[in-house]
Amino acid sequence: MQTSSTDASATPIFLSLAQSETPATAAPDAAEPVTTATTQAPEELPAEDNKSDMQSDPLMIVILFAASIYLFKLWLDDFKANKRGEPNPKAFPGATACSALCVIVAVVGALILLAVETFGEIALGVSAEQSDITWLALLSICAAAFFEELIFRGYLVVTKKGTAALVGSIFIFSFLFAALHPFVWDLEMPEGVPGWQFWQGSLSFDFGVKGWFSTALVFANSLWFYTVRFYGLNKTRSLIPCMAAHLASNVGVFVIKLVQGHVVGLY
């Protein structure tokens, strides 16, 4: 789960229902005082749910987090074996050490991209167009920093075929990475249907400025994550800088949402 300081959902829609009730009255009786009908005050309905169905299902979040913890443990075993000088020939990609400078540069670059996105959305007037998330989403935010990096920067890249193949695969898979993030599309689930039953959902699209801008920034982030794996400072091609940069970006998104009031509830 990556990215941006906002996301594809539109601003919440607030509905209100004004009901006036005038009770029937009988003809005034001399023995009884004349009473006037009262009007019931308008009643506001709760705000419409503005959480993405795909990103707010608690069961999906917990499953993804548990799977990521397990895979990270296996990756860490390979990392430790490599440090002992006993590398696993079938190790996960990028399970190697790197310098602190490499990690710092990666994180700073990710935060710069986050700042560009945040101020860019303000300049475009779309900063309010984002969905709500919950505190539980922190689990998926942390999981994505490892899981997505292992898949994309670890496996979905062409190496040992020359520079042209490497650069070409980076652009192709960065496009895929951006397209998979729901900024110009969303999967809307029927009421009461959990998010993991995605086949029952209906796909909708929104090709507004916000969607395209956020998708472009996800693409830029992906290019940066690939860069910090294959640039000169990262001589061991470690995934650690990629994970650190991705985590910094995702946590930055959460903090921005929290400040703007878009973190709503525990789960």
Side-chain angles (χ1 to χ4, degrees), residues 1-9 52 54-55 60-61 64-65 67-68 71-72 75 92-94 105-107 109-118 120-121 130-131 133 137 139-159 161 163-187 195 198 203 205-231 234 237-254 256:
M1 165 180 189
Q2 201 272 332
T3 146
S4 42
S5 62
T6 62
D7 46 39
S9 303
S52 168
M54 292 190 64
Q55 301 179 50
M60 289 187 67
I61 291 174
L64 174 61
F65 184 73
S68 298
L71 287 175
F72 181 73
W75 183 91
F92 282 102
V105 170
V107 169
L111 294 179
I112 289 174
L113 284 172
L114 179 60
V116 168
E117 178 175 16
T118 303
E121 288 176 347
Q130 55 179 308
S131 68
I133 61 174
L139 295 183
S140 60
I141 282 174
C142 295
F146 168 74
F147 194 75
E148 293 179 3
E149 291 311 299
L150 181 64
I151 293 174
F152 279 89
R153 264 54 69 178
Y155 287 108
L156 295 184
V157 63
V158 178
T159 59
K161 298 290 184 180
T163 302
L166 174 63
V167 173
S169 68
I170 286 174
F171 275 88
I172 291 171
F173 289 121
S174 289
F175 177 81
L176 176 63
F177 183 73
L180 288 175
H181 283 75
F183 295 118
V184 295
W185 62 272
D186 191 23
L187 190 63
F198 56 87
L203 199 61
F205 296 89
D206 179 6
F207 297 108
V209 173
K210 171 67 182 66
W212 286 117
F213 183 71
S214 293
T215 301
L217 263 295
V218 176
F219 180 77
N221 272 275
S222 181
L223 292 180
W224 178 244
F225 299 154
Y226 275 112
T227 297
V228 298
R229 178 158 192 228
F230 294 103
Y231 71 158
N234 192 357
R237 302 294 182 257
S238 173
L239 275 176
I240 293 176
C242 311
M243 297 174 190
H246 199 147
L247 182 62
S249 181
N250 282 3
V251 171
V253 169
F254 185 87
I256 291 172

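When every heavy atom of Trp185 is checked against every heavy atom of Leu203, the shortest pair comes out as CE3-CD1, 3.6 Å. Listed here is the closest heavy atom pair of Ala178 and Thr215: CB-O, 3.6 Å. Summarising the geometry of Leu113 relative to Ala220, their closest heavy-atom pair is CD1-O, 4.0 Å, with the distance given to 0.1 Å. Taking all atoms of both residues into account, the shortest heavy-atom contact from Ala110 to Ser249 is CB-CB, 4.4 Å.
Here the CG atom belonging to Asn221 is positioned 10.5 Å from the OG atom belonging to Ser214, to the nearest 0.5 angstrom. A distance of 10.5 Å separates CH2 in Trp224 from SG in Cys242, rounded to the nearest 0.5 Å. The structure places CG of Leu156 at 11.0 Å from CD of Glu149, a figure rounded to the nearest 0.5 Å. A distance of 11.0 Å separates CG in Leu150 from CZ in Phe72, rounded to the nearest 0.5 Å. Here the CD1 atom belonging to Ile256 is positioned 8.5 Å from the CD atom belonging to Glu121, to the nearest 0.5 angstrom.
Put simply, the side chain of Leu239 does not reach to within 4.5 Å of the side chain of Phe92, judged on heavy atoms. Side-chain contact check for Asp206 versus Asp186: every heavy-atom pair is 4.5 Å or farther apart. When side chains are defined from C-beta on, Val253 does not count as touching Ile133, because their heavy atoms never get closer than 4.5 Å. When side chains are defined from C-beta on, Phe213 counts as touching Glu117, because their heavy atoms get closer than 4.5 Å.
Other residues, nucleotides and ligands contribute only 12 or fewer heavy atoms inside 6.0 Å of the CZ atom of Phe171. The number of heavy atoms from other shown groups lying within 6.0 Å of OH (Tyr155) is above 12.
Phe147 is linked by a side-chain contact (heavy atoms from CB on, under 4.5 Å) to Leu64, Ser68, Leu71, Ile151, counting only residues two or more places apart in sequence or in another chain. The side-chain contact (heavy atoms from CB on, under 4.5 Å) check on Ser238 picks up Thr96, Cys98, Asn234, Thr236, Ile240, Pro241, with sequence neighbours excluded. Remark: Phe207 engages Phe205, Trp212 in a ring-ring contact (aromatic ring centres under 6.0 Å, His included) (not counting sequence neighbours). Residues passing the side-chain contact (heavy atoms from CB on, under 4.5 Å) test with Ser174 are Ile170, Phe219, Ser222, Leu223, Tyr226, sequence neighbours excluded. Evaluation of the ring-ring contact (aromatic ring centres under 6.0 Å, His included) rule for Phe254 yields Trp135 as partners, not counting sequence neighbours. Residues satisfying the side-chain contact (heavy atoms from CB on, under 4.5 Å) test with Phe65, not counting sequence neighbours, are Ile69, Leu139, Ala143. For the salt bridge (charged side-chain N to carboxylate O under 4.0 Å, His left out) test, no residue two or more places apart in sequence or in another chain qualifies with Arg229.
Proximity of a side-chain donor or acceptor of Ser140 to a complementary backbone N or O of Ala137 within less than 3.5 Å is detected.
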Next on the checklist: Run the side chain to side chain contact (heavy atoms under 4.5 Å, CB included) test on Leu217 and Phe183 for me, step by step, so that the C-alpha distance in whole Å, both residues' side-chain angles and the decisive distance to 0.1 Å come before the verdict.
Outcome noted: CA-CA 11 Å; Leu217 263 295; Phe183 295 118; over 6 Å; no
Item to check | Pair Phe152-His246, side chain to side chain contact (heavy atoms under 4.5 Å, CB included): steps then yes or no | outcome: CA-CA 12 Å; Phe152 279 89; His246 199 147; over 6 Å; no
